[in-house]
Enquirer: 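Can you keep this structure in mind? I'll have questions shortly.
For the numbers below, each heavy atom of this structure counts, side chains included, while hydrogens, waters and symmetry mates do not.
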Amino acid sequence: MDKKPPFNPGAPRPANNQGPRQQGRRDPRQQKQAPNNINEHIRAREVRLVGENVTPGIYSIQEARHMADELELDLVEISPNADPPVCKILDYQKYLYQQKKKAKEIKAKSTKVVVKEIRFGPQTDDHDYNFKLKHAIGFLQEGAKVKAYVFFKGRSILFKEQGEVLLLRFANDLEDYGKVEQMPLLEGKRMIIMLSPKKK
């Protein structure tokens with residue numbers, strides 16, 4: 001005779017012991033991680049249904065779930081703090097996708113301001129100046145702000161007027177691409193000027 005395998009309480013149960021799942025409903029274990037309460041996770045006794053595919057009004061939770069089942073959609077709690085909570089009957093996966101898409105569009109509109117730094121010495125030669133000017137034009141055209149500064153090392157602070165003239169010349173050469181946001185200002189060992197891109 002074949003012996004039965006010993007009972008192991010830690011062994012996984014067969015799939016058919018998990019109980020029946022209603023057609024059109026997603027696994028409740030996935031629902032728990034959802035940002036909204038949906039289907040069986042809505043705890044209110046009655047809910048206010050809104051939306052195009054139902055007659056708006058207050059329904060018992062059983063009626064609302066039955067209506068969602070009839071449409072093969074999900075019952076989604078969209079305003080849990082209302083009395084009674086407000087729900088919609090919809091395709092929850094599609095709803096989540098649309099919410100994610102909206103958030104992405106809002107994020108794209110509120111783009112971060114990029115600030116690019118350009119450093120000069122108080123006695124920068126023309127070749128180096130023109131090289132940095134070309135970079136600044138590129139930054140402004142890309143929509144970034146430019147923070148240009150002259151760094152005074154040791155006794156070179158004596159040339160701070162020369163540094164100011166250099167920064168003003170820089171701003172003047174960039175007037176077609178950017179506008180001065182902050183005039184040359186001495187901060188410690190650095191004299192700084194800020195330029196922002198001109199709106200197209």
Side-chain angles (χ1 to χ4, degrees), residues 2-117 136 138-147 177-182 194-200:
D2 293 334
K3 288 185 179 181
K4 289 184 179 179
F7 175 68
N8 182 359
R13 294 183 181 182
N16 58 7
N17 284 351
Q18 291 176 356
R21 281 181 59 197
Q22 289 176 288
Q23 191 175 359
R25 296 293 175 88
R26 288 166 184 82
D27 190 335
R29 288 173 295 181
Q30 293 175 350
Q31 293 174 3
K32 285 184 181 179
Q33 297 170 2
N36 302 81
N37 288 327
I38 66 173
N39 302 326
E40 289 81 6
H41 290 277
I42 299 170
R43 299 299 178 203
R45 289 184 179 182
E46 57 182 20
V47 296
R48 182 183 296 279
L49 280 182
V50 297
E52 297 172 2
N53 53 358
V54 297
T55 303
I58 295 173
Y59 296 83
S60 72
I61 189 65
Q62 291 83 4
E63 285 178 303
R65 284 176 184 159
H66 179 70
M67 290 165 72
D69 282 339
E70 288 288 308
L71 294 166
E72 295 186 352
L73 294 170
D74 299 297
L75 181 65
V76 181
E77 191 177 54
I78 55 171
S79 295
N81 297 325
D83 187 21
V86 179
C87 293
K88 276 187 175 182
I89 293 175
L90 44 80
D91 181 333
Y92 191 53
Q93 294 303 315
K94 189 176 178 181
Y95 171 77
L96 285 180
Y97 172 76
Q98 288 171 343
Q99 293 296 102
K100 193 175 178 180
K101 192 177 177 183
K102 280 181 187 176
K104 198 174 180 181
E105 286 171 0
I106 292 167
K107 191 177 178 181
K109 286 178 183 177
S110 58
T111 50
K112 292 179 182 178
V113 177
V114 178
V115 179
K116 298 286 188 177
E117 291 192 355
F139 294 148
L140 292 167
Q141 286 178 330
E142 289 168 7
K145 289 187 178 185
V146 172
K147 180 180 183 179
Y177 308 95
K179 57 182 180 180
V180 177
E181 203 173 85
Q182 176 192 295
M194 284 288 294
L195 297 112
S196 56
K198 280 190 173 179
K199 291 181 181 179
K200 294 178 183 178

Enquirer: Identify, with sequence neighbours excluded, every residue that meets salt bridge (charged side-chain N to carboxylate O under 4.0 Å, His left out) alongside Glu46.
Expert: none
Enquirer: Under 4.5 Å between any side-chain heavy atoms of Lys88 and Val50, yes or no?
Expert: yes
Enquirer: Does some side-chain heavy atom of Arg48 sit less than 4.5 Å from a side-chain heavy atom of Cys87?
Expert: no
Enquirer: Would you compute the distance between atom OG of Ser60 and atom CZ of Arg45 and round it to the nearest 0.5 angstrom?
Expert: 11.5 Å
Enquirer: Starting at CG of Leu73, measure out to CD1 of Ile38 and round the result to the nearest 0.5 Å.
Expert: 11.5 Å
Enquirer: Would you confirm whether Tyr92, through its side chain, and Asn36, through its main-chain N or O, come within 3.5 Å as a donor-acceptor pair?
Expert: yes
Enquirer: How long is the gap from CG on Asn39 to CD1 on Ile89, to the nearest 0.5 Å?
Expert: 10.0 Å
Enquirer: Rounded at 0.5 Å granularity, tell me how far CG in Leu195 sits from NZ in Lys147.
Expert: 12.5 Å
Enquirer: Looking at Gly51 and Pro56, what are the two nearest heavy atoms and their distance?
Expert: O-CG, 4.5 Å
Enquirer: Under a 3.5 Å distance rule, please check whether Asn37 uses its side chain to pair with a backbone N or O of Arg43 as donor and acceptor.
Expert: no
Enquirer: Would you compute the distance between atom NE2 of His41 and atom CG of Asp74 and round it to the nearest 0.5 angstrom?
Expert: 11.0 Å
Enquirer: To the nearest 0.5 angstrom, please state how far the CD atom of Glu105 sits from the NZ atom of Lys102.
Expert: 9.0 Å
Enquirer: Quick one: which of Asp91, Leu90, Asn53 gives a side-chain contact (heavy atoms from CB on, under 4.5 Å) with Leu71?
Expert: Asn53
Enquirer: Are the side chains of Leu75 and Leu49 in contact, using a 4.5 Å heavy-atom criterion?
Expert: yes
Enquirer: Of the non-hydrogen atoms in Lys179 and Lys198, which two are nearest, and what is the gap between them?
Expert: N-CG, 4.2 Å
Enquirer: Quick check: closest heavy atoms across Val146 and Ala136, and the distance to 0.1 Å?
Expert: CG2-O, 4.0 Å
Enquirer: Determine the minimum heavy-atom distance between Pro197 and Ala144, stating which atoms define it.
Expert: CD-O, 3.4 Å
